[in-house]
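Just so it is clear, the structure is predicted and the values come from calculations on it, not from any experiment. Count residues from 1 along the sequence. Just the heavy atoms: all of them, side chains too, but no hydrogens, waters or symmetry mates, feed the values below.
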Amino acid sequence: MRRFQIPNAALIAGLAALLSGCSGETPTAPGVATPPGGVPPGSCTTLISLTATADSPFVGSGSIVRATVTKAGVPVADGGSVQFTTTLSFFAENGLQTISKTTVGGVADVTVTSLNSGTARVTAVYDCARAQKDLQFQGVPDSGPVITSYLPTSGSCAGGDTVTINGVRLGNGTGVRVFFGGIEGSVTTSGNTQIKVLTPARTLKNSAVPESVPVVVVVNGVSSQPASILFTYACIPIEQKMSISSITPTAGSPAGGDLVQILGRNFGNNFATTQVTFCGRSAQIVAQQDQQITVSTPTHILANPAVSEACDVIVTRDIGLVSQQTAIAPKPFTYSGTGGNSVCNTDPSFFISSISPNSGGPDGGTALVITGGGFGSNGSLLRVDFGGIPATIVGSISNTTIAVSTPRRTLASPDVPETVDVTVTDLGSPVQRCARVVSGFAYTAKALDPVIYSVSPRTGPNDASTRVSIFGTGFQFPMQVFLTCGAQRVEAEASSISLNTIVFKTPVAAGANVCLANQLVDIVILNPSTGKTASCPACFKYYSCPTITSIGPGFGSYLG
């Protein structure tokens, strides 16, 4: 038997990697994945379940896969990261076969699509848990009408719900019929790739029990195969029926990430069984109340980058339950074409890319900066309007920025915020140019108090700043953010403020600053102009990074 003394290099390298990875570590990074085909060591109380809007979608269409994550039977906290991977197919959000999605209300959605037929395996990993689901992508038949997808997939037994059917060879507006469980609906518009139809009424065997029926399109006597998803009828009393009344703002970037408020009724309060889609793609729900849902818009690939596209917005609640129902708002939201959100633009070199801040009081006087391109340097030739009212241009203008002071606006209701279009017009060009952001600025109500709905992420390292988003309403510029723990109170750096979101960086928890590691920190926001505050108790926690004081012994033993 031989005995060697070798430097314990692996130990040193491992500890160095641990320390170097702690500073600035993303607090939402996933944990170690389950070994392939195995069970994670120790006891794992995390569970992932996967569901899909279509288990057998057609090639070229998509299926929304939802991961519902619980730990010890309780939905995981907001801000966690679910790692999705797929074979054969790809994710519509980024065009890749891997993507990380953040949990909100214990769920995370991703859109899976494929250009080839076959089995696409979707895998989701969170912490020590792993789940898989197979989607069978079908080839599109060579002849006859084909239904690739439709939304919504449920409606009232009274009928009259608008359903949008997508597919191929759906006719040219003549000889097109749509049947729901053998009962014909009323086609309102028809094209070769899309049909809109009003659902027929249906008498259920038991009004308390929903019924699911096949959907079939007939074009000039030729029938399609039934859609891969059945349409569900439910008899919902009018006072319980869900509806959408308004959406604000009404336009945003194809890159997604814009916060949109959906107002209506009977949305419920359960994140895990609610879904919101824009152009059929799932949006991330940020906050949900029975009469209001706030979402972050999904990405959307424009058919022509220069041309804006309007999208249907669909809310579905109680997914998978007998009480499932859907509300649709026909094309209330526009993904803007070339030039950011500039939808009146006739010259791609003249555009608005951002407005900061994008909210302020109705008394006017909010100082903001409009960023874009093609503005030139002659301020006398530019005009900036907020909802048709001229703003005051402050100081000099560069080719990419304009500083303005907002005009006064009388609100229709002093307690209800209003959004207005922001337009920059070049009066000096031979052909008058303009750039506009639809619903680009929100006039906040005088009596509107700030309210915090949620915070994400809720943890970060004590030796580096963490970028944290506060979601809510009633945020106004200026707004200050403080982290408090007991008698300690430290101001954080707010990098972005809008009506519904504040983004700030946590201060480094060095020395006596803020709180000790692993202590819960309150987040408090303050509008110094009004004195109004809102707080989120115990909403953030610093975690400490390990410190090495010594390593010993420096050599280990190897027996051979």
Side-chain angles (χ1 to χ4, degrees), residues 52-64 88-89 92 111-120 134-205 210-234 277 279-281 301 303 309-312 314 316 324 326 328 330-331:
T53 55
D55 290 335
S56 302
F58 281 102
V59 168
S61 66
S63 177
I64 298 174
L88 179 73
S89 58
T111 303
V112 183
T113 188
S114 176
L115 301 179
N116 301 295
S117 59
T119 302
D134 289 346
L135 304 179
Q136 301 295 332
F137 279 91
Q138 308 175 58
V140 178
D142 295 329
S143 62
V146 177
I147 302 173
T148 57
S149 65
Y150 71 91
L151 286 172
T153 58
S154 62
S156 170
C157 64
D161 294 297
T162 298
V163 174
T164 301
I165 299 175
N166 300 305
V168 294
R169 297 183 292 273
L170 298 180
N172 56 5
T174 59
V176 180
R177 307 172 71 186
V178 181
F179 293 87
F180 292 77
I183 305 174
E184 187 171 1
S186 176
V187 175
T188 56
T189 61
S190 175
N192 196 47
T193 59
Q194 188 177 89
I195 300 171
K196 288 187 181 294
V197 58
L198 296 176
T199 58
R202 185 175 186 86
T203 302
L204 306 185
K205 295 178 181 178
E211 293 180 10
S212 297
V213 299
V215 179
V216 175
V217 172
V218 179
V219 178
N220 295 323
V222 179
S223 298
S224 71
Q225 290 293 320
S228 57
I229 302 175
L230 298 176
F231 184 85
T232 300
Y233 278 101
T277 62
C279 280
R281 291 185 175 176
I301 300 174
E309 293 180 16
C311 281
D312 292 348
I314 299 175
T316 304
Q324 178 175 319
T326 298
I328 181 171
K331 299 189 182 303

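Atom CD of Q324 is surrounded by more than 12 heavy atoms from other residues, nucleotides or ligands within 6.0 Å.
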From CA spacing to verdict: side chain to side chain contact (heavy atoms under 4.5 Å, CB included), L151, D312: CA-CA 9 Å; L151 286 172; D312 292 348; over 6 Å; no
Take T153 and T53, measure what side chain to side chain contact (heavy atoms under 4.5 Å, CB included) needs, and give me the verdict at the end. CA-CA 9 Å; T153 58; T53 55; over 6 Å; no
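Here S186 contributes atom OG and K196 contributes atom NZ; the two are 14.0 Å apart, rounded to the nearest 0.5 Å. With values rounded to the nearest 0.5 angstrom, L230 atom CG is found 12.0 Å from S154 atom OG. For the atom pair I147 CD1 and F58 CZ, the distance stands at 8.5 Å (nearest 0.5 Å). Taking CG of L88 as the start and CG of L115 as the end, the distance is 9.0 Å to the nearest 0.5 Å. Note that CG of L170 and CD of Q194 are 9.0 Å apart. Values are rounded to the nearest 0.5 Å. Remark: T199 OG1 to F231 CZ distance equals 5.0 Å, nearest 0.5 Å.
With sequence neighbours excluded, the residues that form a side-chain contact (heavy atoms from CB on, under 4.5 Å) with T119 are D134, Q136. By the salt bridge (Lys or Arg N to Asp or Glu O under 4.0 Å) test, R281 is found to be paired with no residue, residues two or more places apart in sequence or in another chain being considered. Looking at residues two or more places apart in sequence or on another chain, you find a salt bridge (Lys or Arg N to Asp or Glu O under 4.0 Å) between R177 and E184.
Checking side-chain atoms of S224 against main-chain N and O of V217 turns up a donor-acceptor pair under 3.5 Å. For the pair R169 (side chain) and G144 (backbone), a donor-acceptor distance under 3.5 Å is present. In this structure, the side chain of Y150 does not engage the main chain of G167 through any donor-acceptor pair within 3.5 Å. At least one donor-acceptor pair closer than 3.5 Å links the side chain of T148 to the backbone N or O of N166.
Side-chain contact between S228 and D55: absent, with no pair of heavy atoms (C-beta onward) separated by less than 4.5 Å. With a 4.5 Å cut-off on side-chain heavy atoms, T162 and L198 count as touching. Looking at heavy atoms from C-beta onward, T316 lies in side-chain contact with I314 at the 4.5 angstrom threshold. Side-chain atoms of V215 and I165, non-hydrogen and from C-beta on, do get closer than 4.5 Å to each other.
Of all non-hydrogen atoms in P152 and I328, the two that sit nearest each other are CD-CD1, 4.3 Å. The heavy-atom pair separating R202 from G181 by the smallest distance is NH1-O, 3.5 Å. The two residues F137 and S89 come nearest to each other via the heavy atoms CE1-CB, 4.1 Å. Nearest heavy atom pair, residue I183 against residue A201, reads CD1-O, 3.9 Å. Summarising the geometry of D161 relative to S156, their closest heavy-atom pair is OD2-N, 2.7 Å, with the distance given to 0.1 Å. In this structure, S223 and P145 approach most closely via the heavy-atom pair C-CG, 4.0 Å.
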